[in-house]
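A quick note: this is a predicted structure, and the numbers were derived from the prediction, not measured. Because only heavy atoms are used, hydrogens play no part in the values below, and waters and symmetry mates are left out as well, while side chains stay in. When a residue number appears, it is its place in the shown sequence, counting from 1.
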Amino acid sequence: MSVRSDSAPAAAQPAQAALASPRRRRLLELLRAGETPRDAHELAAATGLHVSTVRFHLDVLRGAGLVAARPRPRATAGRPRTVYYPVAQATPGGYLTLTRLLATHLADTPAKRAARAEQAGMAWAGELTVAADPGSTVSAEQAARALTAVFAELGFDPELAGDQTDQQIRLRACPFRAAARAHPEVVCSIHLGLLRGTLTRLGAPPTSTRLLPFVEPELCLAHLA
């Protein structure tokens with residue numbers, strides 16, 4: 001039972017996953033608001049974070065293509081400072097327009113769109129999770145922990161809760177929330193397919209799965225019974 005070792009690390013995650021962190025969103029806001037690039041020490045002073053923590057989050061933003069860096073020579077002797085600046089991105093409106101076009105042309109009815117989207121999510125699970133050896137089994141608890149790790153890598157900020165008969169994965173920071181609110185039959189069905197496909201590849205025991213989107217404005221629940 002394992003998550004693929006070649007799955008995207010933090011420094012190569014898509015922009016949505018990188019921005020699931022409030023700290024990274026704050027750093028990006030500061031860079032976009034400034035007129036000149038800023039270094040890690042300046043950003044640490046502005047946020048109250050340790051400079052090493054700031055550098056870590058900046059590396060994630062760089063890997064997602066949201067931030068770039070360049071050296072800035074010092075006025076006095078010494079190594080150049082590394083300063084950071086924001087990279088122009090496609091507008092959210094363009095992203096949502098693309099999602100809408102794909103969603104409406106995926107199938108004729110919401111039910112058919114949901115079915116096809118779930119199949120796509122199950123295929124996605126094949127890219128993220130190593131299949132268990134034939135005949136091997138894992139416990140429901142082990143499968144739930146592994147599934148939580150998959151959602152964590154994707155930036156959902158998950159929390160495993162509940163008990164052995166009804167485990168819950170609380171998804172507190174969906175990286176695709178805007179598209180999910182507009183087209184839940186597609187986006188949420190992809191996530192349901194990812195959930196079910198991952199459990200299948202892990203060799204989990206028969207499990208009843210449900211995904212309840214937006215039980216709170218920023219919270220979705222995955223139930224594994």
Check: Between Val138 and Ala204, which heavy-atom pair has the shortest distance, and what is it?
Finding: CG2-CA, 3.8 Å
Checklist line | Arg32 with Glu29: basic N within carboxylate O range, under 4.0 Å | finding: no
Checklist line | Lys/Arg N to Asp/Glu carboxylate O, Arg172 vs Glu218, below 4.0 Å | finding: no
Note to self: Rounded to the nearest 0.5 Å, what separates atom OH in Tyr84 from atom CZ in Arg70?
What the structure shows: 12.5 Å
Checklist line | Rounded distance [0.5 Å steps], CD in Gln119 versus OG in Ser189 | finding: 11.0 Å
Check: Looking at NE2 of His57 and CZ of Arg26, how far apart are the two atoms once the value is rounded to the nearest 0.5 Å?
Finding: 13.5 Å
Next item on the list: Tell me, with the steps shown, if His223 and Leu221 meet side-chain contact (heavy atoms from CB on, under 4.5 Å).
Entry: CA-CA 6 Å; His223 282 272; Leu221 286 180; 4.0 Å; yes
Item checked: Centroid separation His191 to Phe151 less than 6.0 Å -> no
Item checked: Note, Leu195 side chain near Leu224 side chain (heavy atom, < 4.5 Å) -> yes
Check: Would you call Leu171 and Ile169 a side-chain contact if the rule is heavy atoms closer than 4.5 Å?
Finding: yes
Check: Roughly how far, to the nearest 0.5 Å, is CE of Met122 from CG of Leu199?
Finding: 9.5 Å
Notebook entry, point to check: Are any of the side-chain heavy atoms of Leu61 and Leu19 separated by less than 4.5 Å?
Noted result: yes
Check: Has the side chain of Thr148 got a donor or acceptor atom that lies under 3.5 Å from a matching backbone atom of Ala146?
Finding: no
Check: In terms of side-chain geometry, is the basic nitrogen of Glu118 or Arg113 positioned less than 4.0 Å from the acidic oxygen of its partner?
Finding: no
Check: For Ile190 and Leu194, what are the C-alpha separation, side-chain angles and deciding distance, and is it a side-chain contact (heavy atoms from CB on, under 4.5 Å)?
Finding: CA-CA 6 Å; Ile190 288 175; Leu194 173 62; 5.5 Å; no
Margin query: With rounding to the nearest 0.5 angstrom, report the CG to SG distance, Leu219 to Cys174.
Written below: 11.0 Å
Margin query: Which heavy atom of Val186 sits nearest to which heavy atom of Ala117, and what is that distance?
Written below: O-CB, 3.3 Å
Notebook entry, point to check: Do Arg116 side-chain atoms and Leu106 backbone N/O form a donor-acceptor pair below 3.5 Å?
Noted result: yes
Checklist line | Pairwise side-chain contact, Leu128 with Thr198, heavy-atom cut-off 4.5 Å (strictly under) | finding: no
Check: Ignoring hydrogens and geometry, is there a side-chain-to-backbone donor-acceptor pair from His50 to Ser52 under 3.5 Å?
Finding: yes
Notebook entry, point to check: At what distance, to the nearest 0.5 angstrom, does CZ of Arg23 lie from CG of Leu43?
Noted result: 14.0 Å
Item checked: pair Tyr85-Leu31: side-chain heavy atoms closer than 4.5 Å -> no
Next item on the list: State, with a plain yes or no, whether a side-chain heavy atom of Phe56 is found less than 4.5 Å away from one of Arg24.
Entry: yes
Check: Run the side-chain contact (heavy atoms from CB on, under 4.5 Å) check on Val67 and Val87 step by step: do they pass?
Finding: CA-CA 5 Å; Val67 164; Val87 175; 5.5 Å; no
Note to self: Looking at Arg145 and Glu159, is there a salt bridge between them, counting it only when a charged N and a carboxylate O are closer than 4.0 Å?
What the structure shows: no
Note to self: Can you give me the closest heavy-atom contact between Cys220 and Pro213, atom names plus distance?
What the structure shows: SG-CA, 3.7 Å
Checklist line | Atom of Ala143, atom of Leu202 and distance for their closest heavy-atom approach | finding: O-CD1, 3.9 Å
Check: How about Leu28 and Pro86: do any of their side-chain heavy atoms sit closer than 4.5 Å?
Finding: yes
Notebook entry, point to check: Are Leu30 and Val54 joined in one hydrophobic group, where the rule is that I, L, V, M, F, W and Y side chains link up if heavy atoms are under 4.5 Å apart?
Noted result: yes
Notebook entry, point to check: Do Glu153 side-chain atoms and Val150 backbone N/O form a donor-acceptor pair below 3.5 Å?
Noted result: no
Note to self: Quick check: closest heavy atoms across Ala182 and Pro184, and the distance to 0.1 Å?
What the structure shows: C-CD, 3.6 Å
Margin query: Would you say that Leu160 contacts Gln168 through its side chain, given a criterion of any heavy-atom pair below 4.5 Å between the two side chains?
Written below: no
Item checked: Donor + acceptor pair across side chains of Arg196, Thr209 (<3.5 Å) -> yes
Item checked: Ala107 versus Lys112, closest heavy-atom pair with distance -> CB-CB, 3.5 Å
